[in-house]
Amino acid sequence: MAALVAYDEAQVRQVLRDTTPHQLLLQIHAGTYDRRLTSAALSELSALLQAWEQRALGMVMLRDALVVDRQRGAQVYNLLCTAYTVARLPVPPALAATFATLLHEPASAPQALAVQPIPALPPDLAALIARARQEGLSLAWLPGTSFAFPADLEALLPTPPPPLRSNAPLPRFEQPTGWRRTLALLLALAGVALLAVPLLLGEVPGQPARLPLGLMTLALLVGIRAQWTGYLGSLCIWLVPNLPWFHHGSSFAWLPTLGLLTFGTVLLMMDSYVRALWRWIRQGNG
C-alpha cells in the first residue's frame, strides 16, 4: 500500500552535501551512527559504502557519489531518507489519487496539504500532516518503497567553509604622521645627539648601547605603532649588549644571552606591525 512519510529532509541534504562515504562508514563501524535503521538496513548501507570505497568514491561527497553511481546511489539515498524518517502511515486506496496529485514531487512541504484540505482525512494522517507542519518536516508520497532523488540533486554543492583568519587583510606599514612622527623624530634625534656630540668633542661615547640605542629603538617602535610584544621583544634584545658579561675581557655566558635574544626575537615576530615593516622592506619600500 502507498504511504505518506514524514522525514527530516534538511538533515538528509546536509549529509549528502557535507559527508563522504568514508566518513559515514567510519561512523557505522564505530557504532555512532544511531539513526532509525534496522541492523539489516545498516549492514546494507555499510556494504554499499564499502563498494564506493573500492571504486575510489570513498573521499568524495555523498552527493557526488550518487551522481556518479546512480544505481547504488538510489539505494543509499533511500536508506538515508529511511534513517531520518519520523513517521510512515499507509494511505487508503480511496485517497491515493488525491495524495499523488498534491504530492507529485518526491518531497513536498506539508503546507501544500494545508492549502488544499482533503475531505474525510483519517485522524492519523491529519495528525501526521500537522506534526510535519509544526516540526518543519518534509512529506514524501511513496507509491512504492523507495524515495526518489531530489529534483535539485545536481545543485547540492558542499557547504562553503568558514573564512579563514588568514584571509583577513594584513596590517600595512604606514609612514608615521602627526604627533607620532614628531615624537619618533625627537627620540631618534636625541639618540643620535648622544652619540654625535661626544664624537665631535673628540671623545668616544662610554656606553653607546644604553641610552642612545634605547632612544633610537624607541623611536622606531613609536613610528611603526608597535604593539606590546614589539616593545617587550625590543627590550629583551636591547638588554643583550648591556649585560654585565657583554664586555671585552669578561667571561661570556652563552645560555642566558642566547635565551634572552631568542625570546626577544620571538616576541618581535609576534607583533603584526613589526611584520608589516618587514614586508614593506622586502617589497622594496613599495
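Everything numeric in this text was worked out from a predicted model, so none of it was measured.
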Please give me the minimum heavy-atom distance between [X] and [Y], naming the atom from each residue.
{"X": "L213", "Y": "P241", "result": "CD2-CG, 4.4 Å"}
{"X": "A226", "Y": "Y273", "result": "CA-CB, 4.4 Å"}
{"X": "R131", "Y": "A87", "result": "NH1-CB, 4.4 Å"}
{"X": "M216", "Y": "G191", "result": "CG-CA, 4.1 Å"}
{"X": "P21", "Y": "A65", "result": "CG-CB, 4.3 Å"}
{"X": "G230", "Y": "D271", "result": "N-OD2, 3.0 Å"}

**OP:** Take Y7 and L137, measure what side chain to side chain contact (heavy atoms under 4.5 Å, CB included) needs, and give me the verdict at the end.
**Re:** CA-CA 6 Å; Y7 71 111; L137 303 173; over 6 Å; no

A side-chain contact here means heavy atoms from C-beta on lying under 4.5 Å apart; do [X] and [Y] qualify?
{"X": "L267", "Y": "L235", "result": "no"}
{"X": "L215", "Y": "L194", "result": "yes"}
{"X": "E53", "Y": "L25", "result": "yes"}
{"X": "F147", "Y": "T85", "result": "yes"}
{"X": "R225", "Y": "P176", "result": "no"}
{"X": "Q23", "Y": "M59", "result": "no"}
{"X": "L24", "Y": "L80", "result": "yes"}

Tell me whether [X] contacts the main-chain N or O of [Y] through its side chain, where contact means a donor paired with an acceptor under 3.5 Å.
{"X": "W280", "Y": "R172", "result": "no"}
{"X": "T182", "Y": "G178", "result": "yes"}
{"X": "R180", "Y": "V222", "result": "yes"}
{"X": "Q54", "Y": "A51", "result": "no"}
{"X": "T32", "Y": "Q27", "result": "yes"}

Within this structure, what is the [atom1]-[atom2] distance for the pair [X] and [Y], rounded to the nearest 0.5 Å?
{"X": "L48", "Y": "Q71", "atom1": "CG", "atom2": "CD", "value": "10.0 Å"}
{"X": "Y77", "Y": "L66", "atom1": "OH", "atom2": "CG", "value": "8.5 Å"}
{"X": "L156", "Y": "D152", "atom1": "CG", "atom2": "CG", "value": "5.0 Å"}

Original post:
Checking side chain to side chain contact (heavy atoms under 4.5 Å, CB included) for the pair L157/R17: CA distance, chi angles, key distance, verdict?
Top reply: CA-CA 6 Å; L157 301 178; R17 294 167 56 180; 5.9 Å; no

Original post:
Is the shortest side-chain N to carboxylate O distance from R70 to E154 below 4.0 Å?
Top reply: yes

Original post:
Could R13 and D18 be called an ion pair, given the rule that one side-chain N must be under 4.0 Å from one carboxylate O?
Top reply: no

Subject >> Audit row: M270, W228, side chain to side chain contact (heavy atoms under 4.5 Å, CB included) steps and yes/no >> reply: CA-CA 10 Å; M270 293 172 58; W228 69 268; 5.8 Å; no

Original post:
Stepwise, does the side chain to side chain contact (heavy atoms under 4.5 Å, CB included) test hold for S234 with L268?
Top reply: CA-CA 7 Å; S234 297; L268 279 177; 3.6 Å; yes

